[in-house]
Number of protein chains: 2
Amino acid sequence: MAKIRSKKNSSKKDVIIEKASRLFLEKGFGAASMRDLAEHVGVEAASLYNHIQSKSEILQAICFKVANDFLSHLDAVQSSPESVLKKLERIIRFHIRMMMDQYEFVYISDHEWRHLPEPYLSNFLNQRRNYRRSLSELVARGIEKGEMKPIEPYVAVLTMLSAISGIESWHRSRKTVSPESLENNMVKYLIDGLKK
Amino acid sequence: MAKIRSKKNSSKKDVIIEKASRLFLEKGFGAASMRDLAEHVGVEAASLYNHIQSKSEILQAICFKVANDFLSHLDAVQSSPESVLKKLERIIRFHIRMMMDQYEFVYISDHEWRHLPEPYLSNFLNQRRNYRRSLSELVARGIEKGEMKPIEPYVAVLTMLSAISGIESWHRSRKTVSPESLENNMVKYLIDGLKK
DNA sequence: CTGCGCCTAACGAACGTTCGTTTTATCTTT
DNA sequence: AAAGATAAAACGAACGTTCGTTAGGCGCAG
């Protein structure tokens, strides 16, 4: 038998993190035990510690990977020459697609970050605050330039981001609405609601 | 004379539930211990059990109180003769005000319901599903009557409710925006985005 | 032969809860 | 008003379980 590097270039640590994300999603970080996780990985609990340092390291990996993805995308969008509204739509669609494609990771980052130990917790919250501030400034610029009707930028950003994060309950539902319809309808609601 | 309950007309059980709500909010249901709670109440952990039956009974009380408040309000609104848009606005404003006035309770009901034991869990989810279905039907009727532009009702409802529940992160922030401004801007965003 | 990855076993800590008992408050009877 | 009875609420200690994590050893690949 060969090494269980299971598939191609994914290390066992990656496998652990991926299985953990499913588990954290179902039970929450606090209620998911390492023995639970080990069973899903196909190994005893103690053996996990050959690949990770602690339970919270898994949470850190998930939270900061997601935060990084969003920050990188924002950077890319910001340095493009589109209109503010177009930028916002791209950002919203990216958030929605992340919610589709990386559901577990995004959900955990959204809902379990409290369990991060310091100093990671403060770090995470800083990144989050900066991200939202950047979005708020983007909205404010759109209003100045007359592309959008006046609205408190902070409230607009809060509304957009919260609406998107609510897609988690679509995931848990019987999905009578297709992903494409969900994306397009939500974008219409959130973007058209800003247009002048 | 009637039994003199501690100060005012709130029983000790109510005090426990209120303190618990603050604790569950800060640490999450799972991470909040009965010893923690007891300390906040000013008593030993064992003494709590003279007033409550279990930790999860507290969670049940909170979740079903909130669910009941929303259901009652919906009933009241539904049997009024206003336009659909006006009904929706009233519902949204009620949700926002609940998020302001009963923040801890609403947040816990929103985020910690997974920890409900059966059969309460199924019960809670049923009520939730029915509530959202009623809202969806309301939106659908508004579209039929030409009050609103066409949109997938389920998505509209999901967007509204999720946006509102995101007010929790306003609560945790430095509150550079006043509650009134938050309410009016969010209502404008969510309601004007539906108008034809 | 080296060393990594897995195992079993065990650690101390914390959990929710129960127990038997004592303190405190209220009601009843003188 | 005093004295005794009853109920409510507090206590410290302990229960059994589960938690995250560590220690030490065995086996198999390079």
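Atom pair B/Ile58:CD1 and C/dC15:P shows a separation of 14 Å (rounding to whole Å applied). At whole-Å resolution of the value, NZ in A/Lys27 and P in D/dG20 are 11 Å apart.
Between B/Lys12 and the phosphate of D/dA8, there is no side-chain N or O to OP1/OP2 separation shorter than 4.0 Å. Proximity of B/Ser47 to the phosphate of D/dA9: no side-chain N or O atom is located under 4.0 Å from OP1 or OP2. Using a 4.0 Å cut-off, some side-chain N or O of B/Ser33 falls inside it from OP1 or OP2 of C/dC15. OP1 or OP2 of C/dC4 has not a single side-chain nitrogen or oxygen of A/His51 nearer than 4.0 Å. Phosphate proximity of C/dC15 to B/Lys55: absent, as no side-chain N or O sits under 4.0 Å from OP1 or OP2.
Pairing each heavy atom of B/Leu125 with each of B/Trp113, the nearest pair is CD2-CZ3, 3.6 Å.
Among the protein residues, B/Glu44 comes within range of the sugar-phosphate backbone only, with heavy atoms under 4.0 Å from sugar or phosphate atoms but none that close to a base. Within 4.0 Å (heavy atoms only), A/Ala31 reaches no atom of the nucleic acid at all.
Side chains of A/Glu168 and A/His171: a donor-acceptor N/O pair is absent below 3.5 angstrom, by distance only. In the model, B/Ser169 has no side-chain atom that pairs as donor or acceptor with a side-chain atom of A/Arg128 under 3.5 Å.
Salt-bridge check for B/Arg35 with B/Glu44: failed, with every basic side-chain N at 4.0 Å or more from each acidic carboxylate O. Taking 4.0 Å as the cut-off between side-chain N and carboxylate O, B/Glu89 and B/Lys86 count as a salt-bridged pair. Between B/Glu57 and B/Lys13 there is a salt bridge, since a side-chain N of the basic residue sits under 4.0 Å from a carboxylate O of the acidic one.
A salt bridge (Lys or Arg N to Asp or Glu O under 4.0 Å) with A/Asp36 is found for exactly one of A/Lys19, A/Lys27, A/Arg22, namely A/Lys27.
For the pair B/Lys55 and B/Phe29, the cation-pi test (distance below 6.0 Å, angle within 45°) is passed.
Sorted by residue number, the members of residues 34-43 of chain B with any non-hydrogen atom under 4.0 Å from DNA chain C read B/Met34, B/Arg35.
Side-chain atoms of B/Asn50 come within donor-acceptor range of the base of D/dA10, with a qualifying N/O pair under 3.5 Å.
A/Phe70 has its ring centre less than 6.0 Å from the ring centre of A/His95.
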I'd like a list of close polar pairs between nucleotides 18-22 of chain C and the protein, N/O only, cut-off under 3.5 Å.
none

